[in-house]
Peer 1: 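Mind looking over this structure? Questions follow.
Nothing fancy with the numbering, it's 1 onward along the sequence. Owing to the predicted nature of the structure, the values given are computational and were not obtained by experimental measurement.
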Amino acid sequence: MTRWRGSGRRAAASWDAAQVRLVRLDEETGETALLRRVLPEHRLPPEQLRFTGLPAQTLPDADSDPERFPYAVVALAGALTDPATARAACAGFGVLDRAVRSQLVDAPERAVLLRAYYVTPQWQGRGVGRTSCSPPLLDGLAVEVAPHAEEIVLCVNQSNLPAQRVYRAAGFGFTGNTVPGDAGPQDVMSRPLYTGIHPEPHPRYRRTENSQ
């Protein structure tokens with residue numbers, strides 16, 4: 001298990017749930033540049049890595065797919081101003097996917113899929129997972145990128161009991177559907193999106209080969 005040293009530990013010690021926010025990574029800002037710089041440094045222990053991927057692969061995959069919107073979980077209310085601050089506060093990663101398979105839910109055209117999600121080891125057990133998967137944070141982001149969506153869905157490995165507990169605490173329930181996965185069968189979980197606001201679709205920033 002990899003754990004950050006120094007500033008990351010101090011940040012975790014003083015953290016509270018109100019500081020968690022989700023930062024879209026498909027927009028070109030100084031903050032997203034810092035997050036993109038530190039995300040490839042993330043590591044997970046083998047027993048967790050078998051259930052998900054890391055941004056070194058999943059972020060380029062999302063960048064190349066116009067239906068996928070990557071985001072960082074940030075455990076700091078204030079702005080990220082330098083790599084050390086970004087490294088300490090970047091608590092996780094996820095992707096929202098507007099292309100939902102019909103095997104997952106009855107109305108995929110009204111759903112958005114959460115995928116490639118994780119929280120780093122030093123932030124686990126602090127409520128970051130529950131907060132970042134609950135209303136209003138995840139719901140606001142989901143409706144921003146997928147205004148048509150009324151439901152958010154995910155797939156969780158049947159052996160990944162800690163993740164199941166986090167998702168249940170965030171309001172997700174099992175649908176009864178099961179799909180195959182690389183590490184074994186996955187149960188489908190979903191919940192309604194709790195928001196009455198459906199804004200216009202947000203323009204998606206497309207990275208180029210020269211983007212830093």
Peer 1: Can you check side chain to side chain contact (heavy atoms under 4.5 Å, CB included) on Val179 and Asn177, steps first, answer last?
Peer 2: CA-CA 7 Å; Val179 295; Asn177 294 338; 5.6 Å; no
Peer 1: Between the side chain of Arg21 and the main-chain N/O of Leu76, is any donor-acceptor distance below 3.5 Å?
Peer 2: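 Pair found, side chain donor or acceptor close to backbone of Leu76.
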Peer 1: Can you tell me how far CD1 of Ile152 sits from CG of Leu96, rounded to the nearest 0.5 angstrom?
Peer 2: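 Leu96 CG to Ile152 CD1: 5.5 Å, rounded to 0.5 Å.
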Peer 1: Can you see which heavy atom on Gln164 is nearest to which on Asn157, and at what distance?
Peer 2: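 Nearest heavy atoms, Gln164 then Asn157: NE2-O, 3.1 Å.
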Peer 1: Out of Pro136, Pro135, Ser134, which residue meets the side chain to side chain contact (heavy atoms under 4.5 Å, CB included) rule with Tyr194?
Peer 2: Pro135
Peer 1: Is a side-chain donor or acceptor of Ser64 paired with a backbone partner of Asp61 at a separation under 3.5 angstrom?
Peer 2: yes
Peer 1: Do Glu151 and Val100 make a side-chain contact, defined as non-hydrogen atoms from C-beta onward lying under 4.5 Å apart?
Peer 2: no
Peer 1: With sequence neighbours left out, which residue pairs that include part of residues 101-122 fulfil the salt bridge (charged side-chain N to carboxylate O under 4.0 Å, His left out) condition?
Peer 2: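 Applying salt bridge (charged side-chain N to carboxylate O under 4.0 Å, His left out) to every pair that reaches into residues 101-122, excluding sequence neighbours, yields Asp97-Arg115, Arg110-Glu150.
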Peer 1: For Val119 and Leu44, which heavy atoms make the closest approach, and how far apart are they?
Peer 2: O-CD2, 3.9 Å
Peer 1: Applying side chain to side chain donor-acceptor pair (under 3.5 Å), name anything that partners Tyr71, two or more places apart in sequence or on another chain.
Peer 2: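 Tyr71 satisfies side chain to side chain donor-acceptor pair (under 3.5 Å) with no residue once adjacent residues are dropped.
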Peer 1: Looking at Leu25, is its backbone amide N or carbonyl O close enough to the side chain of Arg36 to form a donor-acceptor pair, meaning the two atoms are under 3.5 Å apart?
Peer 2: yes
Peer 1: Please verify the inter-ring angle class for Tyr117 with Tyr167; under 30° counts as parallel, over 60° as perpendicular, anything in between as tilted.
Peer 2: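 Taking Tyr167 first and then Tyr117, their aromatic rings sit tilted (interplane angle of 30° to 60°).
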Peer 1: Write down the atom of Val166, the atom of Gly129, and the distance for their closest heavy-atom approach.
Peer 2: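 Reported closest heavy-atom pair: CG1-C, 3.6 Å.
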Peer 1: Would you give the length of the straight line joining atom OG1 of Thr131 to atom CZ of Arg126, rounded to the nearest 0.5 angstrom?
Peer 2: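 Thr131 atom OG1 to Arg126 atom CZ measures 13.0 Å (nearest 0.5 Å).
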Peer 1: Can you hop from Phe51 to Trp123 via hydrophobic side chains spaced under 4.5 Å?
Peer 2: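 Each belongs to a different hydrophobic cluster.
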Peer 1: A quick test of your reading: do over 12 heavy atoms of other residues, nucleotides or ligands sit less than 6.0 Å from CZ of Arg168?
Peer 2: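 Count not over threshold, so no.
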Peer 1: Within this structure, what is the CZ-OG1 distance for the pair Arg191 and Thr175, rounded to the nearest 0.5 Å?
Peer 2: 14.5 Å
Peer 1: Check whether Leu59 and Leu80 end up in the same hydrophobic cluster, where Ile, Leu, Val, Met, Phe, Trp and Tyr are linked by side-chain heavy atoms less than 4.5 Å apart.
Peer 2: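 Leu59 and Leu80: one cluster.
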Peer 1: Side chains of Gln124 and Pro162: closer than 4.5 Å at any heavy-atom pair?
Peer 2: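 A side-chain contact is absent here, since even the closest heavy-atom pair is not under 4.5 Å.
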Peer 1: Using side-chain heavy atoms (C-beta onward) and a distance below 4.5 Å, is Leu22 in contact with Glu144?
Peer 2: no
Peer 1: When hydrophobic residues are tied together by side-chain contacts of less than 4.5 Å, even through go-betweens, does Val23 share a cluster with Tyr118?
Peer 2: yes
Peer 1: Of all residues at least two apart in sequence or in a different chain, which pass the side chain to side chain donor-acceptor pair (under 3.5 Å) check with Thr58?
Peer 2: none
Peer 1: Which atom names give the shortest non-hydrogen contact between Ala111 and Ala149, and what distance separates them?
Peer 2: C-CB, 4.1 Å
Peer 1: Starting at CG of Asp182, measure out to CZ of Arg50 and round the result to the nearest 0.5 Å.
Peer 2: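 It comes to 12.0 Å.
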Peer 1: Please tell me whether Leu138 and Leu193 are part of a single hydrophobic cluster in this structure, the criterion being side-chain heavy atoms less than 4.5 Å apart.
Peer 2: yes
Peer 1: In chain order, what residues pass the salt bridge (Lys or Arg N to Asp or Glu O under 4.0 Å) check against Arg130, with sequence neighbours excluded?
Peer 2: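 So Arg130 forms no salt bridge (Lys or Arg N to Asp or Glu O under 4.0 Å) with any residue.
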Peer 1: Considering non-hydrogen atoms only, spot the tightest contact between Arg68 and Pro70 and give its length.
Peer 2: O-CD, 3.8 Å
Peer 1: Test side chain to side chain contact (heavy atoms under 4.5 Å, CB included) on Arg24 and Val145; report intermediate values, then the result.
Peer 2: CA-CA 10 Å; Arg24 285 179 58 170; Val145 303; 3.7 Å; yes
Peer 1: What residues, two or more places apart in sequence or in another chain, satisfy side chain to side chain donor-acceptor pair (under 3.5 Å) together with Gln103?
Peer 2: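 Listed in chain order: nothing, the list is empty.
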Peer 1: More than 12 heavy atoms of other residues, nucleotides or ligands under 6.0 Å from CG of Asp82: yes or no?
Peer 2: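 Counting neighbours around CG of Asp82, more than 12 heavy atoms of other residues, nucleotides or ligands fall under 6.0 Å, so yes.
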Peer 1: Treating Ile, Leu, Val, Met, Phe, Trp and Tyr as nodes and any side-chain heavy-atom pair under 4.5 angstrom as an edge, say whether Leu114 and Val112 lie in one connected cluster.
Peer 2: yes
Peer 1: Please report the closest heavy-atom contact between Pro60 and Pro55, naming both atoms and the distance.
Peer 2: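 Smallest interatomic distance, heavy atoms only, reads CD-O, 3.2 Å.
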Peer 1: Asp187: which residues meet the side chain to side chain donor-acceptor pair (under 3.5 Å) condition with it, sequence neighbours left out?
Peer 2: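 Result, side chain to side chain donor-acceptor pair (under 3.5 Å) vs Asp187: Gln158, Thr178.
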Peer 1: Rounded at 0.5 Å granularity, tell me how far CD in Glu41 sits from SG in Cys90.
Peer 2: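 One gets 9.5 Å once the value is rounded to the nearest 0.5 Å.
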Peer 1: Any chance you could measure Leu35, atom CG, to Arg87, atom CZ, to the nearest 0.5 Å?
Peer 2: 11.5 Å
